[in-house]
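What follows is a set of notes on a single structure, which appears directly below.
Both ligands and their constituent atoms are indexed starting at 1 by order of listing.
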Amino acid sequence: MKKTTCKNLRGACDAEIQGATAEEMGENSKKHVMEMVNSGDEAHKAAMESMMQLSQEDQHKWYEDFKQGFNALPEA
Ligand SMILES: [Zn+2]
């Protein structure tokens, strides 16, 4: 299990996000951001909007970089 922070995943806070795989971590991060957005958090809303403004290509590139860096993340 690896860990990182919401901020490192283009989020807006220092909440810890864990995952056994890059995919799982991505899902957990999305869940966290959605929860924050649903509770009315403007910072996470802005972070989500900035991610959605990236082109498909840039989003894909970001995700590839994230997957490549996954193994270097600290153990949870
Ligand atoms: Zn967060």
Given the rule that I, L, V, M, F, W and Y join up when any side-chain heavy atoms are under 4.5 Å apart, are Tyr63 and Leu9 in one cluster?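 Tyr63 and Leu9: one cluster.
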
Quick one: ring-ring contact (aromatic ring centres under 6.0 Å, His included) partners of Phe70, sequence neighbours excluded?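 Partners of Phe70 by the ring-ring contact (aromatic ring centres under 6.0 Å, His included) criterion come out as none, since no residue qualifies.
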
More than 12 heavy atoms of other groups within 6.0 Å of Glu49 CD: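 For Glu49, atom CD is crowded (more than 12 foreign heavy atoms under 6.0 Å).
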
Does a salt bridge link Lys67 with Glu64, judged by any charged N lying under 4.0 Å from a carboxylate O?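 Answer for the salt bridge query: yes.
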
With the threshold set at 4.0 Å, does a side-chain nitrogen-carboxylate oxygen contact exist between Lys2 and Glu75?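 Looking at Glu75 together with Lys2, the answer is yes, because their closest N to O distance falls below 4.0 Å.
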
Tell me the protein N, O or S atoms under 2.8 Å from the Zn ion (ligand 1), in chain and number order.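 For the Zn ion (ligand 1), the protein N, O and S atoms that sit under 2.8 Å away are Cys6 SG, Cys13 SG, His32 NE2, His44 NE2.
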
Stepwise side chain to side chain contact (heavy atoms under 4.5 Å, CB included) test for Lys61 and Asp65: CA-CA 6 Å; Lys61 192 170 168 292; Asp65 285 349; 4.0 Å; yes

